[in-house]
Amino acid sequence: MAALKLSFLDLATVERESTVASALAHSVRLAQTAEAGGYERIWYAEHHNMPTIASSSPAVLIAHIASQTERIGLGSGGVMLPNHSPLVVAEQFGTLAELHPGRIHLGLGRAPGTDGATFQALRRTVQAADAFPNDVLELQAYLGSDLPLTGVNAYPGRGTNVPITILGSSLFGANLAAQLGLPYSFASHFAPQALNAAVQHYRANYQPSAQHPEPYVSAGVNVIAAENDEAARQLFARAELERIRAFLSRGRDVPLTIEQAEAIRDTPAATEIRSMMRYTAVGGPERVREQLADFAKLADADELVTVHPAPTRDEQLESLRLGDPGA
């Protein structure tokens with residue numbers, strides 16, 4: 001397990017009856033805990049029109065977290081490129097790279113990270129996702145050192161060579177990452193179905209690049225760590241119910257209660273939601289380390305991106321601490 005790299009995905013979750021400011025303050029505490037525990041880096045995902053997630057602007061959040069930490073890597077997990085101009089993304093992350101050399105990472109996704117109406121509010125078109133491969137190449141060029149034929153440069157950005165990772169949950173992302181010779185990250189923490197097929201395709205078809213002569217895979221995995229195995233099992237049961245409640249409350253005027261979520265726990269809809277957490281390490285520190293090592297072998301992953309879906313902030317912070325590489 002010593003050679004396995006662990007990262008952490010923070011969604012900057014806004015708790016019920018709490019505030020965005022409180023969620024962002026908690027993200028600072030999580031980052032400082034992850035840094036002290038030896039995590040490789042932290043990822044922040046772009047979501048829009050979701051009142052429970054405060055990471056809609058990864059670049060801004062990364063800038064804040066970087067100012068509150070010293071050395072841990074910070075990246076987007078990811079920026080949803082169809083929502084943005086590649087030039088603007090290059091300028092944002094080029095600025096971050098100049099301010100925090102060696103710490104900034106750029107994960108790119110093809111999904112909009114939101115609903116259709118919000119996608120339109122972002123002033124993007126439905127064809128934007130089709131341009132994703134070309135947009136990745138354009139973004140790479142802005143961050144590189146070669147003079148562009150168009151005469152358009154990213155300032156800041158040019159020459160920073162911010163490391164890029166392709167995110168995905170299907171063969172599309174795996175194939176693109178392989179063709180471009182880029183690292184690939186699979187979202188198995190919520191979309192486990194195609195994990196093995198995607199990773200196998202990526203490794204089998206990888207085209208070495210100057211920056212990445214070898215393929216590199218990271219894979220998402222949920223972690224519920226507690227002081228002992230029984231406490232972790234109880235925590236996992238609560239986390240499952242909270243996820244059912246959150247997902248099935250969408251579009252309702254009055255959110256479901258935990259009691260209502262428990263009553264429908266075994267319905268087809270709830271069972272489908274629970275299946276999203278197929279890859280979850282649950283237990284005390286030793287048991288979690290064993291399960292993470294087993295998952296890394298199963299996923300053929302060089303790095304694991306851990307997600308800690310404990311129901312409360314204190315429990316999430318404790319799970320992060322107990323599940324860290326040095327626990």
Side-chain angles (χ1 to χ4, degrees), residues 6-16 18-35 39-69 72-84 88-89 91-93 95-97 99-100 103-115 118-119 121-122 124 162 164-169 185-191 218 220-223 239 242-243 246-247 250 276 305-313 316-317 319-320:
L6 292 185
S7 294
F8 167 55
L9 174 64
D10 178 14
L11 295 176
T13 304
V14 182
E15 289 187 321
R16 282 177 290 170
S18 187
T19 65
V20 169
S22 179
L24 298 177
H26 180 61
S27 288
V28 172
R29 291 192 292 272
L30 288 170
Q32 292 170 342
T33 300
E35 183 171 70
Y39 285 84
E40 287 286 316
R41 51 191 148 216
I42 308 170
W43 301 97
Y44 299 96
E46 176 186 346
H47 293 278
H48 299 280
N49 198 28
M50 298 184 70
T52 59
I53 295 179
S55 58
S56 59
S57 182
V60 175
L61 184 52
I62 288 169
H64 178 61
I65 299 296
S67 71
Q68 303 295 313
T69 52
I72 194 166
L74 299 166
S76 61
V79 162
M80 300 296 104
L81 195 51
N83 297 344
H84 309 280
V88 171
V89 175
E91 290 170 341
Q92 290 174 345
F93 280 80
T95 301
L96 289 169
L99 290 169
H100 308 283
R103 297 181 61 191
I104 305 302
H105 306 267
L106 180 52
L108 301 173
R110 184 171 66 116
T114 189
D115 57 85
T118 306
F119 187 63
L122 289 165
R124 307 301 286 173
V162 177
I164 290 175
T165 296
I166 300 297
L167 313 182
S169 57
S185 185
F186 191 89
S188 37
H189 59 290
F190 72 88
S218 56
V221 58
N222 297 291
V223 175
E242 180 57 35
R243 177 164 292 199
F247 271 74
R250 291 177 180 176
M276 296 167 64
V305 182
T306 64
V307 184
H308 295 257
T312 71
R313 287 179 181 160
Q316 183 192 38
L317 196 63
S319 180
L320 182 70

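Remember, it's a predicted structure, so these values are computed and weren't measured experimentally.
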With a 4.5 Å cut-off on side-chain heavy atoms, are [Y] and [X] touching?
X	Y	value
Phe190	Val307	no
Val79	Phe93	yes
Val14	Thr19	no
Leu106	Leu108	yes
Leu81	Arg110	no

How far apart are the closest heavy atoms of [X] and [Y], and which atoms are they?
X	Y	result
Pro309	Ala239	O-CB, 3.5 Å
Gln316	Ala310	N-CB, 3.5 Å
Ser55	Ala45	OG-O, 2.5 Å
Ala23	Thr13	CB-O, 3.4 Å
Ile62	Ser76	CD1-N, 3.8 Å

With sequence neighbours excluded, residues passing side chain to side chain contact (heavy atoms under 4.5 Å, CB included) with Ser7: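 Counting only residues at least two positions away or on another chain, Ser7 forms a side chain to side chain contact (heavy atoms under 4.5 Å, CB included) with Glu40, Arg41, Trp43, Glu303, Val305.
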
Ser169: partners by side-chain hydrogen bond (donor to acceptor under 3.5 Å, both in side chains), with sequence neighbours left out: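 With neighbours one apart ignored, the set is empty.
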
Those residues that, when tested against Thr69, pass side-chain hydrogen bond (donor to acceptor under 3.5 Å, both in side chains) (two or more places apart):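 Here the qualifying residues are Arg103.
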
Which distance, rounded to the nearest 0.5 Å, do you find between the [atom1] of [X] and the [atom2] of [Y]?
X	Y	atom1	atom2	answer
Leu96	Glu91	CG	CD	12.0 Å
Phe186	Leu167	CZ	CG	11.5 Å
Leu61	Leu74	CG	CG	9.0 Å
Leu6	Ser218	CG	OG	11.5 Å
His100	Ile65	NE2	CD1	10.5 Å

Check against side-chain contact (heavy atoms from CB on, under 4.5 Å), His47 and Met80: CA-CA 9 Å; His47 293 278; Met80 300 296 104; over 6 Å; no

Between Ser22 and Arg313: side-chain donor-acceptor atoms closer than 3.5 Å: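 Side chains of Ser22 and Arg313: pair found under 3.5 Å.
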
Pair Glu15-His26, side-chain donor/acceptor within less than 3.5 Å: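 Their side chains do not contain a donor-acceptor pair, so the 3.5 Å distance test is not met.
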
Verdict with reasoning, Leu11 to Tyr44, per side-chain contact (heavy atoms from CB on, under 4.5 Å): CA-CA 6 Å; Leu11 295 176; Tyr44 299 96; over 6 Å; no

Parallel, tilted or perpendicular: rings of His84 and His48 (30°, 60°):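 Correct class here is tilted.
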
Candidate pair His105 and Val162, rule side-chain contact (heavy atoms from CB on, under 4.5 Å), full reasoning: CA-CA 6 Å; His105 306 267; Val162 177; 5.7 Å; no

Sole residue of Ile72, Val223, Ile42 in side-chain contact (heavy atoms from CB on, under 4.5 Å) with Phe8: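 That would be Ile42.
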
Under 3.5 Å: donor-acceptor pair, side chain of Ser319, backbone of His308: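 Absent.
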
